[in-house]
Structure formats: structure tokens, C-alpha cells
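Before any comments, here is the structure.
Predicted model only: the values in this text are computed from it and were never measured. Counting begins at 1 with the first residue of the sequence.
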Amino acid sequence: MSTLHLPDPISAYFAADKQTPEALARCFTTHAVVKDEGHTYSGLDAIQAWKAAASAKYTYTSEPTALELREGCHTVTSRVAGNFPGSPVDLRYHFRLERGLIASLEISV
């Protein structure tokens, strides 16, 4: 299997996702927006709280398997497995990057 080469901000996101909510929030611009499970989180404090809540609720691993770039949006398909309903699942992470950070992220099935 070939190695997937993700843009640096996206690679940093998946590395930080294994760490702390603070580390994950540092991957985003000040006014970034995350959409996940029908909710929208705007700004670094909200993004950090989103990660903290997800980490408290679930234990999971995420393994990126594919990358597609279309109209300025990087879509990463990742196999996510853990203690949540429907595990494992392939999720799509739709990233928009700005000045070396993540400006927006939408996670979908």
C-alpha cells in the first residue's frame, strides 16, 4: 500500500487528534468553523470544547486512506474505529485551508 501524502495542516490535524483538545485547536485559524454530527462550532474555544467532548465520549482511531482536491477543498477519507455506534466507518473530512491552517472542516459519512 502506498503512503498517503497529506498537506501539512491536514497531517498536523490527524496527529493532534491523537493528542489534546488544545493541540487540535492549534491546527485552526482564529475564526475557523467545524461542522460535525449536525452541529457547528465556530472559533477556537468552541473547537477545543468539541474535541474535549468527543474525547470524553468516545475512544477511537482514525486512519486516512484517500485524498481528493476539488475546487479548493481537500477531502480526506479516513477509516474511523472505536466505541461508537456503527464502528468502523469511513468518514469524509472536508478541509479548507488558509495561510497554513485549517479555516473550515466538515465531517460527513
- Query: Does the side chain of Val76 come within less than 4.5 Å of Phe14's, by heavy atoms?
  - Reply: yes

- Query: Sequence neighbours excluded, which residues qualify as side-chain contact (heavy atoms from CB on, under 4.5 Å) partners of Ala12?
  - Reply: Cys27

- Message: Can you list everything that forms a side chain to side chain donor-acceptor pair (under 3.5 Å) with Thr29? Sequence neighbours excluded, please.
- Response: none

- Note on the structure: Rounded to the nearest 0.5 angstrom, the CD1-OG distance for Ile10 and Ser78 is 11.5 Å

- Query: Considering only heavy atoms from C-beta outward, does the side chain of Ser62 approach that of Leu91 to under 4.5 Å?
  - Reply: no

- Mind checking salt bridge (charged side-chain N to carboxylate O under 4.0 Å, His left out) for Arg79 and listing every partner two or more places apart, or none if nothing turns up? Asp90

- Message: Please check this pair: side chain of Thr65 against backbone of Thr77, looking for a donor-acceptor N/O pair closer than 3.5 Å.
- Response: yes

- Does atom CG of Asn83 have more than 12 heavy-atom neighbours, drawn from other residues, nucleotides or ligands, at distances under 6.0 Å? yes

- Applied to residues 45-54, the side chain to side chain donor-acceptor pair (under 3.5 Å) test, sequence neighbours excluded, yields Asp17-Lys51, Glu22-Gln48, Asp36-Trp50, Lys51-Ser55, Lys51-Tyr60

- Message: Please determine whether residues Leu44 and Val34 belong to a single hydrophobic cluster, defined as Ile, Leu, Val, Met, Phe, Trp and Tyr linked transitively by side-chain heavy-atom distances below 4.5 Å.
- Response: yes

- Item | Non-hydrogen atoms of Gly82 and Ser87 that approach each other most closely | N-OG, 2.8 Å

- Query: Relative to the ring of Phe95, is the ring of Tyr93 parallel (under 30°), tilted (30 to 60°) or perpendicular (over 60°)?
  - Reply: parallel

- Query: Which atom pair, heavy atoms only, marks the closest approach of Ala25 to Ile47?
  - Reply: CA-CG2, 4.5 Å

- Item | Closest non-hydrogen atom pair between Leu4 and Ala66, with its separation | CD2-N, 3.6 Å

- Message: My understanding is that only residues two or more places apart in sequence, or in another chain, count here; which of them pass ring-ring contact (aromatic ring centres under 6.0 Å, His included) with Phe28?
- Response: none

Kindly list each side-chain donor-acceptor pair under 3.5 angstrom involving residues 96-109, sequence neighbours excluded, with atom names and distances?
residue: Arg96; atom: NH1; partner: Glu71; partner atom: O; Å: 3.1
residue: Arg96; atom: NH1; partner: Gly72; partner atom: O; Å: 3.4
residue: Ser108; atom: OG; partner: His94; partner atom: NE2; Å: 3.0

